[in-house]
Amino acid sequence: MSEVCLYEWLKEKLDQLVYSNPERLQVEARARTADGREILEAVLGSTQSRYHILIQAAIHGREYMNALLAVQQIEEALKNYNELLEQVCFHVLPMSNPDGVVISQRGIEGIRHAGIRKELEQCYQNDMCTGKAEKNRKEYWKRWKANARGVDLNRNFDSGWELFQGVSIPSADHYKGPYPESEPEVRAILSVAEEYPLTCTVSYHSSGNVIYWDYGCGGELLDQDRKLAQTVSRVTGYEQVSSVQDAQDGAGCSDYFVLERGIPSVTIENGAGECPLSMEEYPSIWSANRFLWPALERLYAR
Ligand SMILES: [Zn+2]
């Protein structure tokens with residue numbers, strides 16, 4: 001898979017799908033990254049629908065296999081689930097962090113702007129000093145999670161941001177950025193929530209074959225989040241883990257939507273191995289997630 005530039009593949013694939021399904025699929029660029037790539041949203045179904053589900057994947061660069069999953073789910077929905085799309089509108093960001101994916105796939109050679117390549121080189125030097133980076137540069141880039149500015153996007157959301165410590169300078173992971181929502185990738189996700197009343201959100205990460213839920217809310221919202229987590233667990237076969245009890249880091253996408261917006265949200269950790277995952281894991285990830293979207297539709301719309 002490393003031979004194919006996944007970002008270019010995604011753009012082409014979505015174009016083809018829109019061409020053959022103009023009634024049911026629209027694609028919109030929500031924002032542009034520091035290195036000039038588009039953050040694409042695929043809108044599947046009618047925007048007039050009562051139910052809007054946000055799916056976002058690959059916010060961590062090296063977890064790009066989830067972009068393949070999201071695209072295959074779009075294809076499957078277009079092929080087999082006509083009814084599904086009459087009830088629910090899916091807002092899918094298959095690749096929330098395209099620059100990070102490019103870095104993980106190609107290293108800094110994949111980055112277009114010389115200035116950004118220089119800053120990334122500095123990240124490597126800094127991470128070497130703190131013992132975080134390995135001597136093997138190729139491995140270091142492969143394991144990259146942040147965006148091209150060295151910000152860990154899933155620590156850049158405005159929920160528990162102040163409390164999250166992490167690291168204080170741009171890095172491969174765990175730098176939360178200069179201020180909450182400083183990154184266009186994060187604002188792209190938030191812009192979907194500004195435009196549509198979201199019923200729930202699901203974030204695809206890797207790995208662990210678990211589902212994180214329970215971000216620290218109570219009452220009715222906790223019940224709704226539990227129902228969502230149970231549904232996802234039943235379909236995927238993944239175990240449910242309480243994010244609070246597991247002391248997961250804050251300032252993530254699901255934390256934000258639950259705690260700041262009152263929208264039930266879960267995080268799915270697909271796969272068992274180290275990221276980037278081996279292509280050999282894909283078939284089992286696909287079979288775990290294949291019927292997820294219809295199950296979400298049944299949860300809300302019936
Ligand atoms: Zn992740």
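FYI, side chains are in, hydrogens and waters are out, and symmetry mates aren't considered; it's all heavy atoms of this structure. Counting starts at 1 for both ligands and their atoms, following the listed order.
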Q) Does any N, O or S atom in His60 come within less than 2.8 Å of the Zn ion (ligand 1)? A) yes
Q.
Tell me whether the NZ or CZ atom of Arg155 lies within the 45° cone about the ring axis of Tyr175 and under 6.0 Å from its centre.
A. no
Q. Under 4.0 Å between a Lys/Arg side-chain N and an Asp/Glu carboxylate O for Lys11 and Glu8?
A. no
(Q) Is Glu269 close enough to the Zn ion (ligand 1) that one of its N, O or S atoms comes in under 2.8 Å? (A) no
Q.
Rounded to the nearest 10°, what angle sits at the Zn ion (ligand 1) between ND1 of His205 and OE2 of Glu63?
A. 150°
Q: With ring-ring contact (aromatic ring centres under 6.0 Å, His included) as the test, would you mind laying out the steps for Trp293 and Tyr81 before giving the verdict?
A: CA-CA 9 Å; Trp293 294 8; Tyr81 305 133; 8.9 Å; no
Q | From CE (Met95) to CG (Asn97), nearest 0.5 Å | A | 9.0 Å
